[in-house]
Each structure stands twice: as structure tokens, then as C-alpha cells.
There are 2 protein chains.
Amino acid sequence: MPAQRFEPHYRRIIADIRQRIASGEWPPGHKLPSTKALADLYEVGSQSTVRQAITILIETGELYGHQGLGVFVTDRSPTT
Amino acid sequence: MPAQRFEPHYRRIIADIRQRIASGEWPPGHKLPSTKALADLYEVGSQSTVRQAITILIETGELYGHQGLGVFVTDRSPTT
DNA sequence: GACAATTTGTCCGTATGTATT
DNA sequence: CAATACATACGGACAAATTGT
């Protein structure tokens, strides 16, 4: 039996962002902190790690990004 | 009118893998070529780029990876 | 228009760890 | 132990888009 794997940083960032969205702290349309600020917030040494989390959340449609502007929470109806 | 954006490499890799799965070329359970071989196949200079595509496809559940073994096409449950 | 600052977007290279054979 | 291959993290280099001066 393998021991419980630790969540990698990027997955924990994904989970945290999802929770902030779900809790309403970051409502639809909210602009997330900059990649640099998020790297600081999550205490990861590189923006690349944050980027990976954001790229996945953009891919799944939960966030969307605009170059030069920021990354935002997708505006979607809470149909679920 | 902005010109048509070029797809970044990782998105084209995602699209290609999805198409191979959809076409049946890579059926459920099929083992994908190694990351290194895929980097060669798609002519990207680094395995990191391939990895990003694969990570996203794993995150979306279309692929799954086993360390030391390979990356495989997800076996869809025929529940629907 | 030009320029700089900020921020997102992509790609590359490397290092290290983990799992299988 | 060694070879192979996946998994994660980091850091740097540019490009592209926006905003402000």
C-alpha cells in the first residue's frame, strides 16, 4: 500500500482557488491577484507553478485570462 | 479584426491526442508513446511542453498516468 | 505615435523525486 | 543496482496585450 501522496503545489493551488470561488470570496468577474502575487500568497518559489494551476483552470473554463489585464473568475450561472 | 491566433504547441498537442483517441487510433487503455517520443513526434524542443499537454489531459480525465509505466487513454465507463 | 511599466501567455532547460522493470 | 519513464518544481527568456505618461 502506498502511503498517501502529498498533493503537489499546483493541485493545492487549484483547490484553493476553487474554494475561494465556491465560497463567494472571488465571485464571477473577480480579478485574481497577479501571478506574482499568487506565487507569494501560496509560497511557491516560482510563478511557473502558479501558471500551471491557472492554465488548468482556464482549460476547464473556471477562469479566463486576458493578456495585459488579468485573470478573472468565469461568469457562469450556478445551475448546479 | 485581429488575425487568427496561432495555437500554441501544447494546445495543438492536446487537440492531436484528442483526435487520435476519438478516431480510435488510440483506444481506451492504449499506452501513449513516451514523453520524449512525443516531444519528437510533435517537434517541440522540450519535454516540458508535452508534459503540459498531458497534465491537462490527465486533469480532465482523458488520460491517466502511472509512474514508471506510461500514460494511458482512460477507459470510459459505459454507464451512459 | 512613442515609450515604459505591468501582467498574462508560451516555451525551454534543468534538477529532483518516484515508480516500474 | 541500473535503466527507463512519469511527476513536480523552479527559473529564465520572450512575446503579446493593456494602461498610463
Side-chain angles (χ1 to χ4, degrees), chain A residues 1-18 20-21 26-75, chain B residues 1-18 20-21 26-75:
Chain A
M1 266 278 288
Q4 171 81 41
R5 289 199 226 7
F6 283 84
E7 298 267 28
H9 289 155
Y10 80 91
R11 275 195 207 275
R12 297 201 298 128
I13 294 173
I14 288 174
D16 183 84
I17 292 175
R18 281 183 171 147
R20 287 182 197 251
I21 293 173
W26 289 349
H30 177 82
K31 179 184 180 297
L32 269 65
S34 72
T35 304
K36 187 177 185 304
L38 288 174
D40 186 55
L41 171 65
Y42 293 118
E43 293 183 314
V44 290
S46 169
Q47 304 180 207
S48 306
T49 306
V50 172
R51 249 281 118 193
Q52 186 168 15
I54 289 177
T55 300
I56 289 171
L57 289 169
I58 288 175
E59 193 71 20
T60 61
E62 292 159 273
L63 300 177
Y64 65 93
H66 266 293
Q67 261 180 232
L69 272 177
V71 177
F72 304 84
V73 177
T74 298
D75 190 29
Chain B
M1 266 271 292
Q4 171 83 40
R5 286 199 233 359
F6 282 86
E7 298 264 33
H9 290 152
Y10 80 91
R11 276 196 205 275
R12 296 201 299 127
I13 294 173
I14 288 175
D16 184 83
I17 292 175
R18 280 183 172 148
R20 286 179 198 254
I21 294 172
W26 288 350
H30 177 82
K31 179 183 179 299
L32 270 65
S34 72
T35 306
K36 187 178 184 306
L38 289 174
D40 186 56
L41 171 65
Y42 294 116
E43 295 183 312
V44 289
S46 169
Q47 304 182 207
S48 305
T49 305
V50 172
R51 250 282 117 193
Q52 192 179 2
I54 289 177
T55 300
I56 288 172
L57 288 169
I58 288 174
E59 194 69 23
T60 60
E62 292 159 272
L63 301 177
Y64 65 93
H66 266 295
Q67 267 182 229
L69 271 178
V71 176
F72 304 84
V73 177
T74 298
D75 193 26

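On a predicted model such as this, the values are computed, not experimentally measured, just so you know. Reminder, nothing fancy here: chain letters follow the sequence lines and each chain counts from 1.
- Distance OH (B/Y64) to P (C/dA19): 17 Å, rounded to an integer number of Å.
- Atom CD1 in A/I58 sits roughly 12 Å away from atom C1' in C/dT10 (whole-Å rounding).
- For residues 28-38 of chain A, there are no salt bridge (Lys or Arg N to Asp or Glu O under 4.0 Å) pairs, not counting sequence neighbours.
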*What string of B, S and - do you get for nucleotides 2-7 of chain C 5' to 3' if you count protein non-hydrogen atoms under 4.0 Å?*
-----B
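- DNA chain D is contacted by both A/H66 and A/R11; A/R11 maps to the nucleotide lying nearer its 5′ end (nearest heavy atom per residue).
- Here the C1' atom of nucleotide D/dT8 and the CD atom of B/Q52 are 13 Å apart, to the nearest Å.
- Evaluation of the ring pair (Phe, Tyr, Trp, His ring centres under 6.0 Å) test over residues 30-60 of chain A, restricted to residues two or more places apart or in two chains, returns A/W26-A/H30.
- Judged as a salt bridge (charged side-chain N to carboxylate O under 4.0 Å, His left out), and not counting sequence neighbours, the contacts of A/R20 are A/D16, A/E25.
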Restricting both atoms to N or O, compile the protein contacts to nucleotides 11-14 of chain D shorter than 3.5 Å, with distance only.
unit_1 : atom_1 : unit_2 : atom_2 : d
D/dG11 : OP2    : A/G45  : O      : 2.1
D/dG11 : N7     : A/S46  : OG     : 3.2
D/dG11 : N7     : A/S48  : OG     : 2.8
D/dG11 : O6     : A/S48  : OG     : 3.1

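- Rounded to whole angstrom, the span from the CZ atom of A/F72 across to the C1' atom of D/dA17 amounts to 12 Å.
- Between A/Y64 and A/F72, the ring-plane angle classifies as parallel under the 30° and 60° cut-offs.
- At whole-Å resolution of the value, OH in A/Y42 and P in D/dC10 are 15 Å apart.
- Pair assignment for C/dG13 gives D/dC10, based on Watson-Crick or G-U wobble hydrogen-bonding distances that are each under 3.5 Å.
- For B/A37, the side-chain contact (heavy atoms from CB on, under 4.5 Å) partners are B/P33, B/S34, not counting sequence neighbours.
- The distance between atom CD1 of B/I14 and atom C1' of C/dT10, rounded to the nearest whole Å, is 13 Å.
- Under the Watson-Crick or G-U wobble criterion, with both distances below 3.5 Å, C/dG1 has no partner in any strand shown.
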_One pair to check against side chain to side chain contact (heavy atoms under 4.5 Å, CB included): A/L38 and A/I54. What are the steps and the verdict?_
CA-CA 10 Å; A/L38 288 174; A/I54 289 177; 3.9 Å; yes
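- Among residues two or more places apart in sequence or in another chain, the side chain to side chain donor-acceptor pair (under 3.5 Å) test is passed with B/E62 by B/R18, B/T60.
- Applying the side chain to side chain donor-acceptor pair (under 3.5 Å) rule to A/S48 yields the partners A/S46; only residues at least two apart in sequence or on another chain are considered.
- For A/Y10 and C/dG17, the OH to P distance is 19 Å, given to the nearest whole Å.
- Residues satisfying the side chain to side chain donor-acceptor pair (under 3.5 Å) test with B/E59, not counting sequence neighbours, are A/R11.
- Across the protein-nucleic acid pair, B/D40 atom CG and D/dA5 atom P stand 13 Å apart, rounded to whole Å.
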